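In this text, all values refer to a predicted model and were calculated from it rather than measured experimentally.
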Amino acid sequence: MRLLAALRSMNDAQVMLQVLKGSFGANKTYWVSRPVKKGIILFFPGDQLEHALAPPEIRRLQDPKVQAQLMASKFAGCSSVVVMPSRLEGSFACFDHFLNRVTRSGEPLGYQGASLKASSQIASLLQAGCPTCDNKEMIYHLVGFSKGGVVLNQVLTEAAACWEQSRNHADLGSIPLQVTNFIRQLGELHFLDAGLNCRGAHLTDPQVLHTLSKAMQDTAPGLSIHLHGTPRQWDDEKRPWVRQEKVQFQALLERNGVVVIEHKYFAEGEPTLLMHFEAIEAMQRDA
């Protein structure tokens, strides 16, 4: 019954397109709004397959309207927003408005938290798209699918930087209030089959993750981290660094007392691109 209700709710959800101006540029967004919002889910997609070449099921699952509906069905009472990449370089997603430096095809060139670029962009997009959502009761859940996980890495780095700032200056007065509120109100962060064609899919800097664990006790007390994976990413022999970074990221957080919730899907299946996209529909929040 719960599944049928979720599917019915998903099919009934209306999706609205908004092109919003943020602190660092405009992003196309797709919204499913709830009358009474318990929170907002922000979904960051990955590379985009050319529509004409993609199989029908992948075309469906990479459709941002479908993604917005799926996320809304998984987080009861929450609105959902799919935040499209700042640009596409061919099929490659590039999140220039959120990361400090990227390659032409969108791979991150490191993560630096001091700029607060991702948090500023997200907070300003939320303010532009839903002015009434700017209250201290709102919870923000982030889902980074595939390459979209790089935005979550940047946000986590910024959460650590905010904690350092508060420790050094007694308060967060030098950081815009909408940014500190956004970080304080972070809820679940879901890395959904995250991976790149180069290193950088997960944070592996021990100092950053140590500081992040302190931030999760103080400036971001509601934050929890979920790792979702399929054999397509975690068992890829041609890209062993994806699993290596995931293992290191998880181990460093757990060493610092952070509980990381792991979800694996299609464990016995043959790694395929379709499996990768099916993780969006299979995603579960509970351990």
Side-chain angles (χ1 to χ4, degrees), residues 17-31 40-51 62-65 67-68 71 80-130 140-162 175-176 178-179 182-183 186 189-205 208 233 239 241-242 245 276 280:
L17 167 63
Q18 294 191 76
V19 179
L20 302 175
K21 180 91 164 74
S23 299
F24 294 93
N27 285 88
K28 186 181 289 187
T29 62
Y30 293 84
W31 292 70
I40 297 180
I41 314 111
L42 294 109
F43 181 93
F44 299 90
D47 294 338
Q48 308 291 299
L49 271 68
E50 188 176 339
H51 186 80
Q62 77 169 7
D63 182 338
K65 297 186 290 296
Q67 292 169 346
M71 291 302 110
S80 68
V81 190
V82 174
V83 183
M84 299 302 288
S86 308
R87 64 182 170 90
L88 287 175
E89 190 67 35
S91 63
F92 297 115
C94 305
F95 289 95
D96 307 70
H97 299 154
F98 303 85
L99 304 185
N100 295 303
R101 295 174 61 228
V102 299
T103 66
R104 183 175 178 180
S105 56
E107 283 76 22
L109 294 171
Y111 301 100
Q112 296 84 35
S115 69
L116 301 174
K117 189 172 182 179
S119 299
S120 298
Q121 180 70 4
I122 294 170
S124 58
L125 291 175
L126 288 168
Q127 179 63 32
C130 182
Y140 302 115
H141 307 295
L142 310 186
V143 181
F145 171 65
S146 197
K147 188 190 278 183
V150 300
V151 179
L152 275 60
N153 286 333
Q154 181 64 27
V155 168
L156 289 177
T157 306
E158 291 170 8
C162 269
I175 299 174
Q178 68 174 0
V179 173
F182 169 72
I183 290 174
L186 284 171
L189 266 68
H190 296 264
F191 289 84
L192 182 54
D193 222 22
L196 295 170
N197 291 323
C198 63
R199 293 185 178 275
H202 292 288
L203 300 175
T204 56
D205 184 321
V208 169
Q233 298 286 42
R239 296 178 301 150
W241 60 83
V242 174
E245 288 183 339
H276 177 54
I280 301 173

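- Among residue pairs with one or both ends in residues 22-31, none qualify as salt bridge (charged side-chain N to carboxylate O under 4.0 Å, His left out); sequence neighbours excluded.
- In this structure, the side chains of Leu116 and Cys162 come closer than 4.5 Å at one or more pairs of heavy atoms.
- Here Ser119 contributes atom OG and Gln178 contributes atom CD; the two are 10.0 Å apart, rounded to the nearest 0.5 Å.
- The distance from atom CG of Leu152 to atom CG of Leu142, rounded to the nearest 0.5 Å, is 5.0 Å.
- Between Leu196 and Glu245 there is no side-chain heavy-atom pair separated by less than 4.5 Å.
- For the pair Leu99 and Pro108, the tightest heavy-atom approach, listed with the atom from each and the gap, is CD1-CB, 4.0 Å.
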With side-chain contact (heavy atoms from CB on, under 4.5 Å) as the criterion, how do Thr157 and Gln112 come out once you've worked through the C-alpha distance, each side chain's angles and the decisive distance to 0.1 Å?
CA-CA 7 Å; Thr157 306; Gln112 296 84 35; 5.8 Å; no
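- Taking CD1 of Ile122 as the reference point, atom CZ of Phe44 lies at 4.0 Å (rounded to 0.5 Å).
- Scanning both residues, Ser86 and Asp96, for their nearest heavy atoms gives OG-N, 3.4 Å.
- Contact of the Ser146 side chain with the Asp47 side chain is not registered, since no non-hydrogen atoms from C-beta on lie closer than 4.5 Å.
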Start with the C-alpha distance between Val83 and His97, add both sets of side-chain angles, then the distance that settles side-chain contact (heavy atoms from CB on, under 4.5 Å), and finish with yes or no.
CA-CA 11 Å; Val83 183; His97 299 154; over 6 Å; no
Test side-chain contact (heavy atoms from CB on, under 4.5 Å) on Ile183 and Ile175 and set out the steps.
CA-CA 11 Å; Ile183 290 174; Ile175 299 174; over 6 Å; no
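- Applying the side chain to side chain donor-acceptor pair (under 3.5 Å) definition to pairs two or more places apart or across chains, those involving residues 193-204 are Asp193-Thr230, Asp193-His276.
- The distance from the CG atom of Leu109 to the OG1 atom of Thr103 is 6.0 Å, given to the nearest 0.5 Å.
- Put simply, the side chain of Arg239 never gets that close to the backbone of Gln233: no donor and acceptor are under 3.5 Å apart.
- A pairwise comparison of heavy atoms in Ala93 and Gly46 identifies CB-O, 3.4 Å as the closest pair.
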Step by step, work out the side-chain contact (heavy atoms from CB on, under 4.5 Å) result for Met84 and Tyr30.
CA-CA 8 Å; Met84 299 302 288; Tyr30 293 84; 3.8 Å; yes
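- Partners of Leu49 by side-chain contact (heavy atoms from CB on, under 4.5 Å), not counting sequence neighbours, listed by chain and number: Ala54, Ile58, Gln62, Leu273, Phe277.
- Qualifying side-chain contact (heavy atoms from CB on, under 4.5 Å) partners for Ser23, counting only residues two or more places apart in sequence or in other chains: Ser120, Gln121, Ser124.
- Tyr111 places a side-chain N or O within 3.5 Å of a backbone atom of Gly200 that can act as its donor or acceptor partner.
- Of the possible polar contacts, one joining the Asn153 side chain to the Ala201 backbone as a donor-acceptor pair under 3.5 Å is found.
- At least one side-chain heavy atom of Phe43 sits under 4.5 Å from a side-chain heavy atom of Leu192.
- Taking every heavy atom of both residues into account, Cys94 and Ser105 meet most closely at SG-C, 3.6 Å.
- Applying the side chain to side chain donor-acceptor pair (under 3.5 Å) test to Trp31 and every residue at least two apart in sequence or in another chain returns Thr29.
- Take Ser115 and apply the side-chain contact (heavy atoms from CB on, under 4.5 Å) test, not counting sequence neighbours, and it matches Asn100, Lys117, Gln154, Glu158.
- For the atom pair CG of Leu125 and SG of Cys130, the computed distance is 12.5 Å after rounding to the nearest 0.5 Å.
- Atom CG of Asp63 is separated from atom CD1 of Ile280 by 10.5 Å, given to the nearest 0.5 angstrom.
- Aromatic ring orientation, Phe182 versus Tyr140: tilted (interplanar angle from 30° to 60°).
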